[in-house]
Amino acid sequence: CGNSDRGGEPLDDLSAQAIFERGERQIASGNPDDAAFTFGEIERLYPYSEFAQRALIMQAFAYHRDEDYPNSRASAQRYLDFYPAEDDAAYAAYLLALSYYDQIDEVGRDQGLTFQALQSLRRVIEQYPDSEYADTSVLKFDLAFDHLAAKEMEIGRFYLKRGNYVAAVNRFRTVVEDFQTTSHTPEALHRLVESYLSLGLVEEAQTAGAILGYNYQSSEWYESSFALLTGQGLSADAAGDNWLSSIYRQVLLGEWL
Amino acid sequence: QNFAFSSFNIEGNQRVADGTILTFGGLQPGAGLSTAELNTAGQNIRESGLFESVDLVPQGSTLLIRVVEYPTINRINIEGNSRLRDAQLLTLVQSQSRRVFTPEQAEADTAAITQAYAEQGRINATVTPRIIPLSDNRVDLVFEVVESAITEIERITFVGNRTFSEGRLRRVLETKEAGIFRALVGRDTFSSQRVAQDREVLTDFYRSRGFIDFVIQNVDVSLTRERDAYLVTYNVREGQRYSIADVTVTSEINGVNAAEFEEAVRLRSGSTYSPVSVDNDITRIERLAVQRGIRFVQAEAQISRNPRDLSLNVNYVLVPGERVFIERIDIEGNGTTLDRVIRNQFRSVEGDPLNPREVQESARRIRALGFFQGVNVDTRAGTSANQRIIDVDVEEGPTGTLSFGANFNTDTGASLLASYSQSNFQGRGQGLDFSFSTAESNRSVGFSFTEPQLLGRDLRGSINLSYSTTDNENALYDTETLRISPAMSFPVSELGRLSLFYALEYNDLFDVSSSASEVISQEAELGGIWTNSLGYTYSFDNRRTGLNPDVGLVFRFGQEFGFGDTQFIKTTALAGAETDVLNEEVTLRATWEGGLLSYQKGNSRVTDRFFLGSRLMRGFEAGGIGPRDADTDDALGGDAFSVVRLEAEFPLGLPSEYGISGGAFIDYGSVWDVGETFGEDVVSNDFIGRSVAGLSIFWTTPIGPLRFNFTEPLDVQDVDETRNFDVTISTSF
Amino acid sequence: CTELDRFHGFIPPEEELATLNVGSTTKAEVITLFGPPKSERGLQNNTVYYASSQFRRFGPFAPEEVDRQVLAIDFDANDRLRNISRYTLEDGRVVVLDRRVTEDGINDITFLSQLLGSFGRIDAGQFLGEP
């Protein structure tokens with residue numbers, strides 16, 4: 001990789017400091033990928049200068065700014081391997097977690113990233129508890145955890161809609177038992193009421209309704225559970241559910257419930 | 001004796017910071033340390049892999065830690081390699097630039113490169129790592145490679161083969177002897193996995209011909225002294241050839257009577273024994289049990305011999321299978337595709353009994369979606385002994401094409417054309433295509449949308465709209481057509497699907513050139529015609545079960561009933577059979593395709609009638625066959641056509657990585673009956689069979705499977721316009 | 001057209017159910033005998049459920065549940081069998097599902113980015129002008 005093609009004179013004969021400043025200028029002027037390359041060069045040319053350490057964390061930051069998450073992860077990991085005790089280590093671990101977190105996608109899609117985001121966020125919280133990144137990591141951890149619960153709910157609703165009530169019950173129970181701190185628990189309890197009623201297990205439905213009423217009295221889910229349990233549930237056509245409106249809703253809007 | 005150090009003195013470290021070394025060793029100032037703890041601290045620092053040597057020297061209340069760091073790698077490259085490219089070899093090297101250089105890693109990399117060459121048969125290649133020291137304790141790492149010629153297999157011999165000759169057995173094996181094409185053919189190099197594969201191939205070959213006791217005693221591979229040639233010898237014991245005596249089905253599960261399952265058995269007494277046909281029977285029996293809702297049924301084949309007449313009795317026993325359930329289905333890697341689109345491909349649901357065959361078929365259905373580069377589905381242990389978790393890992397692939405084009409020519413001026421098609425729109429598995437072109441000679445707009453899971457069921461709904469008008473002086477006539485057609489298709493049986501559609505069509509034929517046939521100008525008098533039509537197509541394909549049957553059968557039959565300005569019935573049909581012979585090397589395929597257009601009110605026009613394109617019958621120009629105006633020689637198309645195609649596809653012996661194979665075909669058929677002739681003299685207006693033979697080359701290219709056809713007309717009419725070369729996309733049915 | 005049947009879940013057969021006796025068989029024995037239940041324990045009482053259902057589908061119409069057996073096996077405080085009750089399709093109630101969904105903060109791929117994303121598939125049809 002030719003040094004000169006990245007603009008300006010070749011880096012080889014520049015001092016580590018000069019290269020570092022160029023990298024900072026490149027980030028400021030808004031091309032983070034060149035900056036990442038420049039910081040990489042410091043590490044290669046002057047591996048023992050104290051700039052090398054700062055360059056490594058700046059490289060991770062530059063790749064992250066460029067949304068090049070795999071490289072940002074690699075640089076952050078290298079920093080943690082060489083300088084686990086240095087003060088920027090917390091930031092490196094945080095950048096590593098962000099590289100997964102920022103890729104988390106809409107509920108219906110790939111959840112592999114959410115697991116990795118949770119693990120790396122937990123590492124930041126546990127290994128660097130008093131760093132300034134700990135509390136933002138806790139916040140992001142809860143959001144990612146909520147996202148995981150949303151995924152369980154999505155699959156539960158899929159089976160509920162197709163009439164596989166037993167599979168739906170198992171998914172909604174996972175949310176109620178393992179994700180009770182998330183915002184999905186009230187809906188999960190209501191879905192349990194719907195599923196148990198469909199199976200004819202009225203007693204179980206009443207139990208789920210009771211737990212929902214006790215803990216989430218004011219939520220709109222409790223209202224519709226209450227309606228179902230006391231038998232005034234809406235009939236199908238009153239809810240505007242003929243086949244034409246469901247085609248419009250499902251095919252065009254994507255709300256397939 | 002233990003120490004308490006108040007301070008540490010670290011020498012020799014340049015890149016690794018003091019704090020880091022202390023954290024590796026777990027050393028804090030003032031902490032009490034026994035000699036054992038001191039040693040483990042030293043050991044931990046060494047295990048960090050960053051140091052050549054580490055020694056701890058206690059000096060009273062300070063601890064001296066003397067380290068020598070491994071150098072950092074500046075650059076890695078490989079010299080002297082030509083057969084294997086740098087990129088290929090660098091992936092094998094674990095050492096990375098900017099990371100620490102360790103001698104053990106360099107040794108491991110050298111071994112990896114040597115192994116890569118050995119797999120190519122270049123067992124005499126040598127690789128030596130070399131270090132070039134640079135300033136600041138940095139090094140460049142270079143792997144010097146000296147390549148060698150390929151050591152090929154000169155001779156493959158067999159000992160103990162009585163029924164089949166050495167030549168026949170050699171044709172069965174994957175590995176080939178080095179012949180005159182030795183430079184070109186890759187399969188004559190020695191590779192241990194290929195020999196292992198050959199053992200299986202040879203065993204299958206014998207077993208599927210009734211030799212139930214066949215066994216390979218050993219495979220002896222010897223190398224000539226100069227290490228330039230291999231000699232491979234297979235010592236085999238054939239045993240006797242057995243045929244099938246009687247085939248029975250019994251059940252050990254109460255409530256399940258075996259008689260029901262006899263229809264699923266295809267093995268006939270008298271045929272030669274073959275493990276593949278027994279496996280197929282077991283699959284069919286277990287599939288029938290699933291269809292009947294009987295859970296946890298396993299079929300096993302009990303084979304008993306009667307040595308006197310060398311025959312076997314096969315008894316299929318239905319035994320209660322182990323009760324294993326699906327705990328969860330986890331789907332990962334679907335960056336764009338929604339989870340439900342993939343989950344819909346599973347017929348079993350979480351909590352259901354686990355049926356391994358059904359899991360494989362679901363994997364096949366997910367691959368058939370065509371959205372993914374890679375799909376792998378496997379099961380892993382669940383929380384309890386009889387619960388399994390199904391893991392689905394997909395890798396998204398490109399699913400859309402977008403093309404723009406603009407051209408300008410002097411007489412028709414500038415024109416734009418664009419087409420967009422996406423087969424996985426919004427990740428919902430919906431298909432969306434639209435295209436338009438404003439070329440002077442052909443203005444067209446096309447739009448189509450498909451929803452594979454309409455109303456959440458296996459009901460494929462689609463709507464197609466196309467409008468095109470031509471305005472082309474040198475063409476015989478110009479047309480304007482508009483067609484709007486919603487359709488839906490759904491399964492009607494395990495192997496059959498029915499599609500129903502409605503179509504509104506407007507069709508106009510105008511400014512017919514003066515030199516054109518009188519028939520066409522008469523037809524143009526009728527002007528624009530509106531028709532509504534309803535239609536259905538029933539399609540049957542026995543390959544849908546995923547159980548690869550010996551003969552693949554496909555059958556399609558469709559009718560369109562048109563009413564409005566004209567009333568017509570358009571019937572099209574296709575019947576095809578395909579089978580693999582000569583141990584799956586050669587594919588034989590026979591297809592019949594026909595169509596009939598019958599008008600109750602009004603008559604057909606040139607835009608409605610059939611023309612035999614090269615997809616239906618090869619060897620003719622477009623419109624080169626069929627009813628023709630006697631004096632203007634214009635092709636008029638026919639109301640009926642019928643074609644038979646007999647084809648064979650076979651490998652050309654080239655290494656499979658080239659993706660080239662050969663084929664031969666014979667087409668016989670005709671298109672006839674122009675309908676209303678307006679008193680004109682029309683030649684070849686009735687059924688006259690034309691036949692064409694030819695050879696073709698198949699080439700699977702990154703843009704799709706192509707087929708180059710070279711045709712020779714056998715028996716054609718003199719008015720026909722033949723063609724002896726064309727390129728088409730190769731399709732099976 | 002023929003009907004297409006689909007079977008889900010699992011119910012232990014009658015003769016195996018007959019071997020249980022009230023008051024003595026423990027929950028662990030039931031689970032080892034019949035395999036893992038559909039859901040471990042009821043929300044509040046000590047019950048283990050097994051369920052099986054059959055869907056029948058005819059032509060373009062939605063698959064319809066034609067048979068459902070739900071088996072509820074209750075156990076007393078120290079996990080001894082107390083009672084087996086059976087529910088079928090008729091006990092089920094038709095429930096209109098609530099169409100609302102709990103929103104979560106993470107945004108969806110925007111329409112445009114998906115429209116233009118994932119390109120690069122070239123197929124030979126374009127070059128040869130095949131229909």
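A, B, ... follow the sequence lines: proteins, then strands. Residue 1 opens every chain.
- The choice from B:Asp330, B:Asn344, B:Ile331 that makes the most heavy-atom pairs within less than 4.5 Å of chain A is B:Asn344.
- Looking at B:Ile73, neither its backbone nor its side chain comes within 4.5 Å of chain A, counting heavy atoms on both sides.
- A:Gln59 and A:Arg78 are linked by a side-chain donor-acceptor pair at a separation below 3.5 angstrom, with hydrogens and angles left out of the test.
- In this structure, the ring of A:Tyr133 has its center no less than 6.0 angstrom from the ring center of A:Tyr128.
- Neither the backbone nor the side chain of B:Asp393 comes within less than 4.5 Å of any heavy atom in chain A.
- A:Ser99 and A:Arg73 are linked by a side-chain donor-acceptor pair at a separation below 3.5 angstrom, with hydrogens and angles left out of the test.
- At a cut-off of 3.5 Å, with distance as the only test, no side-chain donor of B:Ser485 or B:Asn464 sits close to an acceptor on the other residue.
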